[in-house]
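Below you'll find the structure, written out as structure tokens, and then a few comments.
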Amino acid sequence: MVSQQQTKDSGSKKLGMVAPQDKSSKEMKSSKKMKFASSSAETEQTSQTTISDDSKTGRGMSTMPRVVKRKLQKLRQIVEYNKRGKGIGQAHSEMQSYIGVLARSRVPLVDKKWSQIPKDVKEQIWEAVDMAFVVGQGGKKSVLTSAAKKWKDFKSTLTRHYILPYTNDKEKLSHPPETYKFIEKAQWNAFVASRLSKDFESVHSQHAQIREKLEYNHRLSRKGYAGLEDQLEETMPGVEIDRSTLWKRARHDKHGNIPDPKVAEKVKLIDELQKQVSEGKVRVDGSKDVLTMALGPEHLGRLRGVGAGISPRQYFNLPKPQRVSFDDRLKESLRVLLQEETNKMEAKAKEEALRMEARTKQLVEAEREHFLSQLS
């Protein structure tokens, strides 16, 4: 028998707890804000293999012991999502941390793209996450996408902090960093060589130039816009949280200040526009909202102030563009051609009628003149 407790429903989110029967009610009350599901028999069998992998000396055991402990107890933490399908809450944060652990420790440190990583490695990451969390429909794709980003960010961190500052110190580069002892020396040496190559120097320079073009940096940490929106909905009940509000709050520091003068100027403009909208002096219409007025048009297919993975069509509920089949396009082309030919024929017929009318007038006038000459 499984018991369950739920906390107050907040919008589209519910928090509660589901635990096996051997847990006491006291333990359940102490975890009211968490939600768990006991593993199935099939999951339990796979859990044993993965737990033995996690028991090896590495970053997984030292950084996420809570997740490993729950896996031993056959508990899966349930991840909650907001109305746009973005993960929120403590379970989502822990899952992201755990994905980072797996991406660092289980994916080889090689100078390759994520698409070139063996499928069995990706499958191991998904199975490990799936045994610790209930991620919902389409969870595998989102988990592996997150793992790809975290693996890339990990390589970037190693490059910026442990390689580029020591390009002239071979001793420093001869061994993996003490913080990441799980990195094999052979992989580390190959990775260092790739990062000191001319090809990487060119790529690094290009990316640095792109990064310099970003003017308004956010200060969200790992909670992202979805976590910020969830937080504001709790602290500002009954207030509509639009993306201009999210954009502003994402650029405040922990003391509520805005250190960047450029950002502060834009925030002031957004505040003024929001005031004018509330007074009815300015009208917003779909994608032409306050943030667009303040920052300018969006890049195609992207949207600021809402986080990755949300398109303008999804956010503004724009109608989905209708797909037109090849036959329909062909029929439309033929219709246009036929209309053009019809217009040409009508114009030609009209021109011919006018010409015949003028010729007839000439003949009538000639006959009249001839008749008058005969009478005279």
**Test side-chain contact (heavy atoms from CB on, under 4.5 Å) applied to S93 and Q90, step by step** = CA-CA 5 Å; S93 297; Q90 183 178 348; 5.5 Å; no

**Request:** Kindly indicate, with the supporting measurements, whether the criterion side-chain contact (heavy atoms from CB on, under 4.5 Å) is fulfilled by T179 and Y162.
**Result:** CA-CA 11 Å; T179 309; Y162 299 99; 3.8 Å; yes

Going from [atom1] on [X] to [atom2] on [Y], what distance comes out if it is rounded to the nearest 0.5 angstrom?
X: D289; Y: Q274; atom1: CG; atom2: CD; answer: 10.0 Å
X: Y180; Y: S105; atom1: OH; atom2: OG; answer: 12.0 Å
X: E233; Y: M236; atom1: CD; atom2: CE; answer: 10.0 Å
X: E265; Y: D260; atom1: CD; atom2: CG; answer: 10.0 Å
X: K86; Y: D230; atom1: NZ; atom2: CG; answer: 14.0 Å
X: I258; Y: K268; atom1: CD1; atom2: NZ; answer: 12.0 Å

**Request:** Please determine, by modelled atom types, if R70 and Q77 share a side-chain donor-acceptor pair under 3.5 angstrom.
**Result:**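 Per modelled atom types, R70 and Q77 side chains form a pair under 3.5 Å.
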
**Message:** What I want to check is whether the side chains of R249 and T245 have a donor and an acceptor closer together than 3.5 Å.
**Reply:**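 The criterion, which ignores hydrogens and geometry beyond distance, is not satisfied for T245 and R249.
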
Indicate yes or no: does [X] engage [Y] in a salt bridge with an N to O separation below 4.0 Å.
X: E229; Y: R84; result: yes
X: D130; Y: R76; result: yes
X: D271; Y: K248; result: yes

**Asked** Can you check side-chain contact (heavy atoms from CB on, under 4.5 Å) on K141 and L144, steps first, answer last?
**Response** CA-CA 5 Å; K141 181 178 179 181; L144 294 182; over 6 Å; no

If Ile, Leu, Val, Met, Phe, Trp and Tyr residues are connected whenever their side-chain heavy atoms lie under 4.5 Å apart, and connections chain through other members, are [X] and [Y] in the same group?
X: L246; Y: L269; result: yes
X: I310; Y: I241; result: no
X: V267; Y: M293; result: yes
X: V239; Y: L228; result: yes
X: V306; Y: L291; result: no

Would you call [X] and [Y] a side-chain contact if the rule is heavy atoms closer than 4.5 Å?
X: R195; Y: D111; result: yes
X: N217; Y: R211; result: yes
X: V277; Y: V290; result: yes
X: L173; Y: L196; result: yes
X: N189; Y: V192; result: no
X: P259; Y: D253; result: yes
X: M95; Y: V135; result: yes
X: H161; Y: P177; result: no

**Request:** In sequence, state the C-alpha distance, the side-chain angles, and the governing distance for S156 and D153, and then conclude on side-chain hydrogen bond (donor to acceptor under 3.5 Å, both in side chains).
**Result:** CA-CA 5 Å; S156 177; D153 291 344; 5.9 Å; no

Let me check something: any side-chain donor-acceptor pairs from residues 197-208 under 3.5 Å, sequence neighbours excluded? List them with distances.
from: S197; atom 1: OG; to: S194; atom 2: O; distance (Å): 2.7
from: S197; atom 1: OG; to: F200; atom 2: N; distance (Å): 3.4

**Asked** In the hydrophobic clustering that connects Ile, Leu, Val, Met, Phe, Trp and Tyr at side-chain heavy-atom distances below 4.5 Å, which members other than L164 occupy its cluster, ordered by chain and number?
**Response**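 Noted: L164 shares its cluster with no other residue.
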
**Prompt:** Given the rule in the side-chain contact (heavy atoms from CB on, under 4.5 Å) test, do V101 and V67 qualify, once you have shown the distances and angles that lead to the verdict?
**Reply:** CA-CA 11 Å; V101 170; V67 176; over 6 Å; no

**Complete:** So the side chain to side chain donor-acceptor pair (under 3.5 Å) pairs with at least one residue in residues 366-375 (sequence neighbours excluded) are none

**Message:** Considering only residues two or more places apart or on different chains, which pairs with a residue in residues 335-352 satisfy side chain to side chain donor-acceptor pair (under 3.5 Å)?
**Reply:**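 Applying side chain to side chain donor-acceptor pair (under 3.5 Å) to every pair that reaches into residues 335-352, excluding sequence neighbours, yields E332-R335, Q339-N343, E352-R355.
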
Between the side chain of [X] and the main-chain N/O of [Y], is any donor-acceptor distance below 3.5 Å?
X: Q187; Y: E184; result: no
X: T167; Y: I163; result: no
X: K112; Y: I117; result: no
X: S146; Y: S142; result: no

Donor-acceptor contacts, no H, no angles, side chain residues 295-305, under 3.5 Å, sequence neighbours left out:
from: E298; atom 1: OE1; to: R304; atom 2: N; distance (Å): 3.3
from: E298; atom 1: OE1; to: R304; atom 2: NE; distance (Å): 3.0
from: E298; atom 1: OE2; to: R243; atom 2: NH1; distance (Å): 2.7
from: E298; atom 1: OE2; to: R243; atom 2: NH2; distance (Å): 3.1
from: E298; atom 1: OE2; to: R304; atom 2: NE; distance (Å): 3.1
from: E298; atom 1: OE2; to: R304; atom 2: NH2; distance (Å): 3.3
from: R304; atom 1: NH2; to: G296; atom 2: O; distance (Å): 2.4
from: R304; atom 1: NH2; to: P297; atom 2: O; distance (Å): 3.4

Within 6.0 angstrom of [X] [atom1], more than 12 heavy atoms from elsewhere:
X: E272; atom1: CD; value: yes
X: E365; atom1: CD; value: yes
X: D169; atom1: CG; value: yes
X: E279; atom1: CD; value: yes

Looking at every heavy atom in both [X] and [Y], which two are closest together, and how far apart are they?
X: K71; Y: A128; answer: NZ-O, 3.9 Å
X: H218; Y: Y225; answer: CB-OH, 4.4 Å
X: I125; Y: A147; answer: CG2-CB, 4.3 Å
X: A226; Y: I88; answer: O-CG2, 3.7 Å

**Prompt:** Which of parallel (below 30°), tilted (30 to 60°) and perpendicular (above 60°) describes F133 and Y98?
**Reply:** tilted

**Item:** Those residues that, when tested against Y216, pass ring pair (Phe, Tyr, Trp, His ring centres under 6.0 Å) (two or more places apart)
**Value:**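 For Y216 the ring pair (Phe, Tyr, Trp, His ring centres under 6.0 Å) partners, ignoring immediate neighbours, are W247.
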
**Request:** Check whether NZ of the Lys or CZ of the Arg K122 lies under 6.0 Å from the centre of the six-membered ring of W126 and within 45 degrees of that ring's axis.
**Result:** no

